[in-house]
*Asks:* 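Pasting in a structure now, in structure tokens, and then I'll have a few things to ask.
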Amino acid sequence: DGGITQSPKYLFRKEGQNVTLSCEQNLNHDAMYWYRQDPGQGLRLIYYSQIVNDFQKGDIAEGYSVSREKKESFPLTVTSAQKNPTAFYLCASSMGQLNTEAFFGQGTRLTVV
Amino acid sequence: KQEVTQIPAALSVPEGENLVLNCSFTDSAIYNLQWFRQDPGKGLTSLLLIQSSQREQTSGRLNASLDKSSGRSTLYIAASQPGDSATYLCAVRNSGATNKLIFGTGTLLAVQP
């Protein structure tokens with residue numbers, strides 16, 4: 001069953017903690033993305049990676065970090081430097097060529113407690 | 001800078017009605033445009049992908065059109081059903097070196113039985 005798996009579905013973070021959101025895909029896609037969704041603001045790009053061992057900052061990268069050590073995996077760490085981390089986080093992937101379709105995971109809802 | 005706008009923000013229609021959702025973008029230099037559906041608390045489901053060289057794409061009761069020169073796309077839903085109730089998002093992939101999807105803020109559709 002091909003697709004994108006995000007885990008966990010719900011995540012609670014205490015003030016000052018770092019947390020890592022998992023994103024795994026078995027679609028053999030080269031490109032992977034992390035978006036943040038807040039009510040009324042649409043999706044905003046955090047980081048993206050077009051190939052293994054390479055990634056670029058998106059529009060709101062401050063307070064986040066990523067790694068791309070394997071083609072299938074693109075974990076996102078929300079650091080304590082991110083002042084307002086409560087949001088819905090979405091991972092996506094695509095073949096990598098610029099004219100290809102993007103597919104999304106089911107999301108992780110992060111809440112600061 | 002590319003900006004994507006979706007109007008209206010919310011729409012309520014009776015079951016069986018045909019409807020049109022609108023998406024506009026400011027920079028016509030795009031590779032493609034993609035329409036997604038999002039159910040509450042869920043990830044995005046890809047509905048249709050239109051390449052910049054295409055005028056329209058169809059899938060079942062859905063038809064998406066693209067007028068790149070005027071920066072507009074429409075999603076036509078025929079014979080709407082309560083199960084069509086969701087948020088519909090459009091996204092464009094800009095021409096250029098970066099491989100990013102830029103999203104509109106979505107249209108929340110409610111189909112009343």
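Note on naming: letters A, B, ... go to the chains in the order of the sequence lines (proteins, then strands), and numbering restarts at 1 for each one. Values below: every heavy atom of this structure, side chains too, minus hydrogens, waters and symmetry copies.
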*Asks:* Tell me, for Gln38(B) versus chain A, whether the close heavy atoms (under 4.5 Å) come from the side chain, the backbone, both or neither.
*Replies:* side chain
*Asks:* For side chain to side chain donor-acceptor pair (under 3.5 Å), just list the numbers for Ser69(B) and Asp67(B), CA-CA rounded to whole Å, side-chain angles, deciding distance to a tenth of an Å, and then say yes or no.
*Replies:* CA-CA 6 Å; Ser69(B) 61; Asp67(B) 184 342; 2.8 Å; yes
*Asks:* Could you look at Gln106(A) and say if it's the side chain, the backbone, both or neither that has a heavy atom under 4.5 Å from chain B?
*Replies:* both
*Asks:* Side chain, backbone, both or neither: which part of Gln56(A) has an atom under 4.5 Å from a heavy atom of chain B?
*Replies:* neither
*Asks:* What part of Leu89(B) lies closer than 4.5 angstrom to a heavy atom of chain A: side chain, backbone, both or neither?
*Replies:* side chain
*Asks:* Whether the side chain of Thr86(A) engages the backbone of Val112(A) through a donor-acceptor N/O pair (distance < 3.5 Å, no angle test) should be reported.
*Replies:* yes
*Asks:* Is it true that a side-chain atom of Asp27(B) and a backbone atom of Gln2(B) form a donor plus acceptor pair closer than 3.5 Å?
*Replies:* no
*Asks:* Checking heavy atoms, do the side chain of Leu43(A), its backbone, both or neither come under 4.5 Å from chain B?
*Replies:* both
*Asks:* Starting from the C-alpha separation in whole Å, work towards a yes-or-no answer on side chain to side chain contact (heavy atoms under 4.5 Å, CB included) for Tyr64(A) and Thr79(A).
*Replies:* CA-CA 6 Å; Tyr64(A) 299 97; Thr79(A) 74; over 6 Å; no
*Asks:* Please identify, among Gly105(A), Gly107(A), Gly42(A), Ala102(A), the residue contributing the most non-hydrogen atom pairs under 4.5 Å to chain B.
*Replies:* Ala102(A)
*Asks:* Please name the pair of heavy atoms, one in Leu66(B) and one in Gln51(B), separated by the smallest distance, quoted to 0.1 Å.
*Replies:* CD2-O, 3.6 Å
